[in-house]
Protein chains: 2
Amino acid sequence: MAVKEPKPTINDVARIAGVSKKTVSRVINNSPLLNTATREKVEAVIAELGYVPNPQARALALRRNFLIGLIHDNPNAQTVLSVQEGMLDAMKGTEFALVVRPVDRKSPRLLSDIRHFIEQQRLYGVYVLPPVSENEDFACLCKELGCHYVRMGSARLDDEAHLVESNDREAVRDAVTYLIGLGHQRIAHLAGPAGFRSAYEREQGLREALTAAGLDLPEAGFARGNYTFESGYQAAQALLRAEPRPTAIFVANDEMAAGALHVAREMGIDVPQDLSIVGFDDTPIAAHIWPPLTTVRWPIRAMAKAAAHKLIRPDQAAEQTAFFRSEFVIRASTAPAAS
Amino acid sequence: MAVKEPKPTINDVARIAGVSKKTVSRVINNSPLLNTATREKVEAVIAELGYVPNPQARALALRRNFLIGLIHDNPNAQTVLSVQEGMLDAMKGTEFALVVRPVDRKSPRLLSDIRHFIEQQRLYGVYVLPPVSENEDFACLCKELGCHYVRMGSARLDDEAHLVESNDREAVRDAVTYLIGLGHQRIAHLAGPAGFRSAYEREQGLREALTAAGLDLPEAGFARGNYTFESGYQAAQALLRAEPRPTAIFVANDEMAAGALHVAREMGIDVPQDLSIVGFDDTPIAAHIWPPLTTVRWPIRAMAKAAAHKLIRPDQAAEQTAFFRSEFVIRASTAPAAS
DNA sequence: TTGTAAGCGTTATCAA
DNA sequence: TTGATAACGCTTACAA
């Protein structure tokens, strides 16, 4: 096992193959105008030496690098990991690598932290998750830094080249319409945090469905959490103490829905017999709690893959789709309203 | 908003400040032998221009870079994310960035994939999670490539400079001893996948506790999963159909424990009244399912932070602790054995 | 089709 | 305490 012997460079390859470095460079970069014999000779030497081009030297000469960043401040761990997997799907087989960076959206230094991150590594591009992606200043910053970016959003935040968008509002409308079809008349809403576009869109979807059915959303039927289990647990208590009690709750994400489920159990309310609960996200937790959660499957992984594609090929970004449909998944946490 | 104007280089700073680039370089690198006046003059120009040193050029000149990789093939999403957070904790304020890379441990190309990853980005160091970390060839590979590494493990896999280790066996022994103290005599085990050192250590911990109490583990009281919810769900069915039925199960991780909980519910077995369940990991899911899971808190985040520290300062790696204690967390999924 | 020379932005060497 | 010059490993002109 050889230890720390200096790695071969393009010069070593050139010398041993008896060609110039430029020729080796051409081999590496698959230049079309190359004699087959020369190419094979050089490739043989490359293989023999185990030569791998130095990415930093390449980056310097090309005045660009092959690093793509993921910027997020997402309270939901599973979301973040699915995003990473989706991005890496797209980057597999390319020379790109994924650099991750959680940020604190509430910090006054948010923007300067992001600036620092992008500048320090001279990132080629970044994918940004909500709610940071909803910040217009962020987009300006990327343009200023000459860094490609794609934003994830629940609405038309940007042009197609810089956006992957999901149809949250519509998907929620369908889900709530389903609840109404089950005979539910008192449908409460456990919303996401104020300032999250996704929270707003999901709330609007619910309101639209209620309005279309001639139902309303009383004050006591509305509560807010911040997308975490604990906040869902807190908010659901208020909701379930209301009189008359709602027969169904649409919760803005699965993790809060799991919290609501806990509350119901503690209060002796049977789900779905006495209360239907619908979540949003379809994180693994949705299928693993009891009863398995009816929810909306958010195609975050596909969105992340598409975003990475746009970042790898910014020139083609505008042609690739930016729109993704969520899918309603019916499991066991919903049932017809008790009569 | 300026767009794509070329970024200032060290030459610009030198020219404007009226010094040589080497002097600017000295300022950047906090060289002690520098006139205060000179330093301040240069710093002013740097601030004015918004100059940020090009990391690729630095990497080339220094013949090293500031990228640390995370290599994992971990079925548990939360574990991976906690690890990332722990590493980033340690890297905060440094010039290091975190590059992530999931691998497929079953692939015949595992080692060559890892080699490719390390070589392609010329990583400075990597942190590797089980079970890949248990592979001796991997350590050899890193040495061959001259890449620093730290392995995470449930046993003494390597020397202290290259390891962060948790005391799984001991922690499980304590947990199972607690079950025995509650009066349980028929304790089953839902083990992790064969070939995982963590699975082995946890199983041994259980066996040691049983032996110490004069209990045994019948064939029917042992099943295996692969650390996923689904596999736990499958394996628990076999365990709970055994006659006589166990009164407690120690499950090798939380996610499988959640699966076991599902089975119990479907079979009408009350937890913890008729069956106690103990998990391992203390992932968020443990607190969010019903009943909240008694489990062992694995200090993965602290371990990751320590690992990143070792990678950032390999020269001090051996002096920093490599040993971490797990902690038993009693929640509501355990109760005295029914008499 | 291949080679030469120059340059990318930084740090190291060594002299002043 | 500073600066000139030569690396670092690669690519892009531009020639040959």
Side-chain angles (χ1 to χ4, degrees), chain A residues 4-43 45-46 49-67 95 119-124 145-146, chain B residues 4-43 45-46 49-67 95 119-124 145-146:
Chain A
K4 292 249 186 199
E5 55 190 9
K7 303 195 175 69
T9 74
I10 198 171
N11 291 305
D12 300 322
V13 177
R15 185 169 30 77
I16 295 176
V19 298
S20 74
K21 347 192 275 191
K22 181 64 227 186
T23 300
V24 178
S25 173
R26 289 198 177 94
V27 172
I28 297 169
N29 294 287
N30 286 309
S31 164
L33 24 75
L34 252 187
N35 192 316
T36 313
T38 318
R39 152 162 288 130
E40 282 169 358
K41 183 173 58 180
V42 173
E43 277 171 347
V45 176
I46 288 179
L49 259 50
Y51 166 70
V52 179
N54 180 318
Q56 277 78 35
R58 242 164 94 68
L60 183 57
L62 288 168
R63 257 158 273 141
R64 59 159 292 192
N65 67 19
F66 294 88
L67 296 177
E95 52 197 327
E119 283 186 326
Q120 179 168 279
Q121 295 295 332
R122 289 280 209 279
L123 297 183
Y124 185 69
L145 297 177
Chain B
K4 294 250 184 197
E5 54 190 9
K7 304 195 174 68
T9 74
I10 199 171
N11 290 305
D12 301 322
V13 176
R15 186 170 29 78
I16 296 175
V19 298
S20 74
K21 30 191 236 188
K22 181 65 223 183
T23 300
V24 178
S25 172
R26 289 196 177 95
V27 172
I28 297 169
N29 294 286
N30 286 308
S31 162
L33 24 74
L34 251 187
N35 192 317
T36 313
T38 317
R39 152 162 290 130
E40 283 168 358
K41 185 174 56 180
V42 173
E43 277 171 347
V45 176
I46 288 179
L49 259 48
Y51 166 69
V52 179
N54 180 317
Q56 278 77 35
R58 243 163 94 66
L60 182 58
L62 288 168
R63 258 156 278 150
R64 60 158 290 193
N65 67 18
F66 295 89
L67 296 178
E95 51 197 324
E119 283 187 325
Q120 179 168 280
Q121 296 295 331
R122 288 281 208 278
L123 297 183
Y124 184 70
L145 297 176

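Only this structure's heavy atoms are used, side chains among them; waters, hydrogens and symmetry mates stay out. First the proteins, then the strands, lettered A, B, ... as listed; each starts at 1.
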Students often get this wrong, so: under 4.0 angstrom with heavy atoms, is A:Leu60 touching a base, only sugar-phosphate, or nothing?
base

Take atom CG of A:Asp12 and atom P of D:dC8, then tell me their distance rounded to the nearest Å.
10 Å

Cation-pi check for B:Tyr124 against B:Arg122: NZ or CZ below 6.0 Å from the six-membered ring centre and within 45 degrees of the axis, yes or no?
no

Does C:dG3 have OP1 or OP2 sitting under 4.0 Å from an N or O in the side chain of A:Thr23?
yes

Take atom NZ of B:Lys21 and atom C1' of C:dG9, then tell me their distance rounded to the nearest Å.
7 Å

Has B:Thr38 got a side-chain N or O lying under 4.0 Å from the OP1 or OP2 atom of D:dT2?
yes

Considering only C:dG3, C:dT10, D:dT11, which nucleotide approaches the side chain of A:Ala61 most closely?
D:dT11

Between D:dT11, C:dG9, D:dC10, spot the one nearest the side chain of B:Ile10, thanks.
C:dG9

Think B:Asn54 has a side-chain N or O under 4.0 angstrom from the OP1 or OP2 of C:dC8?
no

Nearest whole Å is fine: how far is C:dC8 P from B:Arg58 CZ?
20 Å

With DNA chain D as reference, determine whether B:Gly18 or A:Lys22 sits nearer its 5' end, using the nearest nucleotide of each.
B:Gly18

Could you pick out which residue, A:Pro53 or A:Arg26, lies toward the 5' side of DNA chain D when each is mapped onto its nearest nucleotide?
A:Pro53

A:Ile28 has an atom CD1; how far is it from atom P of C:dT2, in whole Å?
15 Å

Below 4.0 Å: OP1/OP2 of C:dG9 and any side-chain N or O of B:Asn11
no

B:Gln56 CD to C:dT11 P, straight-line distance once rounded to whole Å:
13 Å

Tell me whether the side-chain N/O atoms of B:Ser20 come closer than 4.0 Å to OP1 or OP2 in D:dG3.
yes

Could you state the atom-to-atom distance from CG of B:Asn30 to P of D:dT1 in whole Å?
15 Å

Any salt bridge between A:Arg58 and A:Glu95, counting N to O under 4.0 Å?
yes

Positive for side-chain contact (heavy atoms from CB on, under 4.5 Å) with B:Pro53, one of B:Ile28, B:Val24, B:Asn29, B:Ile46
B:Ile28

Using 0.5 Å steps for rounding, measure from the CZ atom of B:Arg64 to the CD atom of A:Gln56.
11.0 Å

Rounded to whole angstrom units, what separation is found between the CZ atom of B:Arg64 and the P atom of C:dA12?
11 Å

Return the OG1 to NZ distance between A:Thr36 and A:Lys41, rounded to the nearest 0.5 Å.
12.5 Å

Interatomic distance where CG belongs to A:Asn65 and P belongs to D:dG9 [whole Å]
19 Å

